[in-house]
> 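This is the structure, below, for whatever I ask next.
Chain A is the first sequence line, chain B the second, and so forth, proteins listed ahead of strands; every chain is numbered from 1.
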Protein chains: 2
Amino acid sequence: MANVTIKDVARMAQVSVATVSRALNGHGNVAAPVRARVLAAARELRYTPHAAARSLSSRRTQTIGVVLPDLYGEFFSELIRGIDQVAREHGLHLLVSSYHGDPDEQSAALGAMRGRVDGLLAMAPYVGGSEAMRADLDAALPRVLINSRPAADEPVVGVDNYGGAVAMVGHLVGQGHRRIAFLSGPEDNFDAHERLRGYRDAIARLLPQSQPWELRGEFDEASGHRAGQALLAAAPRPDAVFAANDMMALGCMFAFAQAGLRVPADIAVAGFDDIPLAGYVHPGLTTIRVNIAELGARAARLLIARIAGEAAGGSSPLATELIVRASSGARGASPS
Amino acid sequence: MANVTIKDVARMAQVSVATVSRALNGHGNVAAPVRARVLAAARELRYTPHAAARSLSSRRTQTIGVVLPDLYGEFFSELIRGIDQVAREHGLHLLVSSYHGDPDEQSAALGAMRGRVDGLLAMAPYVGGSEAMRADLDAALPRVLINSRPAADEPVVGVDNYGGAVAMVGHLVGQGHRRIAFLSGPEDNFDAHERLRGYRDAIARLLPQSQPWELRGEFDEASGHRAGQALLAAAPRPDAVFAANDMMALGCMFAFAQAGLRVPADIAVAGFDDIPLAGYVHPGLTTIRVNIAELGARAARLLIARIAGEAAGGSSPLATELIVRASSGARGASPS
DNA sequence: CTGAAAGCGCTTACAG
DNA sequence: CTGAAAGCGCTTACAG
């Protein structure tokens, strides 16, 4: 079965290669008995079409490219899962590539997709990244950007980071918290930027008499831990800390635990993302759930529509969900 | 830049396409000034070779296929990360595919790799899966199996599940535990089988007077929880429970917590895998760390060697590491 | 409904 | 060192 080609099938079925091609690809215009003969021959020879040859002549690869900053961790794993699910429903393959924050690698990854994919799903969460990406992209290649700053005529799918942050502030205020500090993410990260904007707007609207209270973090646990220590030294301390992602929230909680502070009795904590850990720590972390797999699935569906020539535009941001656990409990309440 | 081909470059550089090909692929026999002209033209036209065409004529795709049961979760995410790292070091792409436990999909995924990849990394953790896979595979396609039951002349990389289980039993016995129950994984799973074998052998060697005490689980949290409840009803209860993976261990701990049992004071718990959660729960879970990314990297390196024609055989199982946390504390000790 | 032939964009002996 | 040509394995107008 090593090198069975369409010629072998044609010979065995006693037809031309053109007819084999038509029969195998389900083109209507093949006589039933001929088609049967071809299929039987193909099965017997265990024939599988050579993908590169098919791609070269049909100009289709049945593959979509996925270019991400990284392949590591829950977020990308979930994203790929959602993409994969839609892709396989459509019989498409996934060519994945990561660039580890290196612009040159990003550029190389994008370039190498030429002739390998029918369309591209790309993510460039940092400012400038998507602009560079657009420049590198074959202009004719259908594409969908994930979680990027929207740009004219460029389809983008994203999460409603802004709405999620607003919802969280609303929840914390509802719990009676008034001094709500925000631990933001990297300045040049688009998601982080939107969450910060949501925090600011919600504070301005719900607690017009108070000032926003912002600290900068880097989306990792260590920076959350540092921020937690900084907040411990503040007088008065905040009632609640809203971290722009769960990893930082966990780092914060760790710092508070080390200092003997009880969460939420002494200070409430909330995060964003709803990573699996959020449900396992004690107390459970109140957070905003983002359905990452659905985000990936949406992006894939949109891309497939565009490959098919449908002028599908970007979709509205993916809604988030407030997940209330113990960490955001009412101010002064005893821990459950 | 949409459809720049080698012909366009040849025209601009005033040479034949053959020379362009040689210059771009770094074949030594091109005059320096000619090479420079070609490279300049290619850069100016933003030329990227068409991958399918190149593959078709060179019989190389610069891509390795990765066929996994699933793309979801920490394990696969880490595995892909390790593979990706080695692949990019060698300038190779990754075509990923999952089959969700469906043999037909597995077969289809394997077949569709023809002409798309230079070699295949495949994982079929269930009995029978790898046999079916071998039958589907193009015999000539280089491949490496991951965590599969070793077979003659078939390169396999795997984890030392057996040794890890032996080490864990040794640790538990060292802590003074004598009645050590084992919560095994799915019967038809190769990793689960090896861990069970390690448990049995270690018990027979270290505690020759005692009987193995085995319960069956399914590698998920729910079955761990059920097993924990079953053990609560046993009289006498075990001193320690060694679960064949961390998710089941966590389910167990959850059942014990619900029943008011203290871990490890009343009963010790240990797992296998060292998933991130293991370090976050209270008490921390004693477990066996498996470097999944390294497993993926090894598999990729071995495959690349085989693609290059080196007759690299399988490697020895990847060593594991005992991670001692609070959950396995000495019998009767107070919780930290 | 079927076949002969061109062509997809490259690479690689083969000459020179 | 360079070019003309064959060939990789398909698909797809074009005839018939």
> If you assign B/A53 and B/Q14 each to the DNA chain D nucleotide with the nearest heavy atom, which residue ends up on the more 5' nucleotide?
B/Q14
> Would you check if the side chain of A/R143 reaches a backbone N or O of A/L120 as a donor-acceptor pair within less than 3.5 Å?
no
> So, OP1 or OP2 of D/dC10: does either fall under 4.0 Å of a side-chain N or O from A/R60?
no
> Less than 4.0 angstrom between a side-chain N/O of B/R59 and OP1 or OP2 of D/dG9, yes or no?
yes
> Does D/dT2 have OP1 or OP2 under 4.0 Å away from a side-chain N or O of B/T19?
no
> Picking from D/dT11, C/dT11, C/dC1, which would you name as closest to the side chain of A/A31?
C/dC1
> May I have the distance from B/R116 (atom CZ) to D/dG9 (atom P), rounded to whole angstrom?
16 Å
> Which distance, rounded to the nearest 0.5 Å, do you find between the CZ of A/R81 and the OG of B/S98?
10.5 Å
> Whether A/R54 contacts D/dT11 is assessed here as follows: a side-chain N or O lying under 4.0 Å from the phosphate OP1 or OP2. Is that the case?
yes
> Among C/dG9, D/dT12, D/dT11, which nucleotide sits nearest the side chain of B/S57?
C/dG9
> Are any of the side-chain heavy atoms of A/I83 and A/L303 separated by less than 4.5 Å?
no
> Could you please name the option among D/dG3, C/dT12, D/dC10 that lies closest to any side-chain atom of B/H27?
C/dT12
> Name the closest nucleotide to the B/A18 side chain, picking from D/dG9, D/dA4, C/dC10.
D/dA4
> Between D/dG3 atom C1' and B/K7 atom NZ, what is the distance in whole Å?
15 Å
> For the atom pair CZ (B/R60) and CG (B/L92), what is the distance rounded to the nearest 0.5 Å?
7.5 Å
> Let me check I have this right: for DNA chain D, each base becomes ., (, ), [, ] or |, based on Watson-Crick or G-U pairs with both distances under 3.5 Å. What is the full string?
|||.||||||||.|||
> To the nearest Å, give me how far apart CD1 (A/I6) and C1' (D/dT11) are.
8 Å
> Using a strict cut-off of less than 4.0 Å between a Lys/Arg side-chain nitrogen and an Asp/Glu carboxylate oxygen, indicate whether A/R11 and A/D8 qualify as a salt bridge.
yes
> Quick one: which of C/dG9, D/dA4, D/dT11 gets closest to the side chain of A/L56?
C/dG9
> From the list C/dA4, D/dC10, C/dT11, which nucleotide is the closest neighbour of the side chain of A/T5?
D/dC10
> Looking only at side-chain atoms of B/V34, point me to the closest of D/dT2, D/dG9, C/dT11.
D/dT2
> Any base atoms under 4.0 Å from A/S21, or only sugar-phosphate, or nothing? Heavy atoms, all strands.
base
> side-chain contact (heavy atoms from CB on, under 4.5 Å), that's the test. Do A/D84 and B/V96 meet it? Break it down for me.
CA-CA 9 Å; A/D84 177 59; B/V96 302; 5.7 Å; no
> Look only at the side chain of A/D118 and the backbone of A/Q62, and say whether a donor-acceptor pair between them is shorter than 3.5 Å.
yes
> In whole Å, I'd like the distance from the CG atom of A/N25 to the P atom of D/dG9.
17 Å
> Could you state the CG-P distance from A/L24 to D/dT11, rounded to the nearest angstrom?
8 Å
> Assign each of B/S16 and A/P49 to its nearest nucleotide of DNA chain D by heavy atoms, then name whichever residue's nucleotide is nearer the 5' end.
B/S16
> Atom CD1 of A/I146 and atom CG of A/L79: how far apart are they, to the nearest 0.5 Å?
4.5 Å
> Counting distance alone, no hydrogens or angles: does the base of D/dG3 have a donor or acceptor under 3.5 Å from a partner atom on the side chain of B/R22?
yes
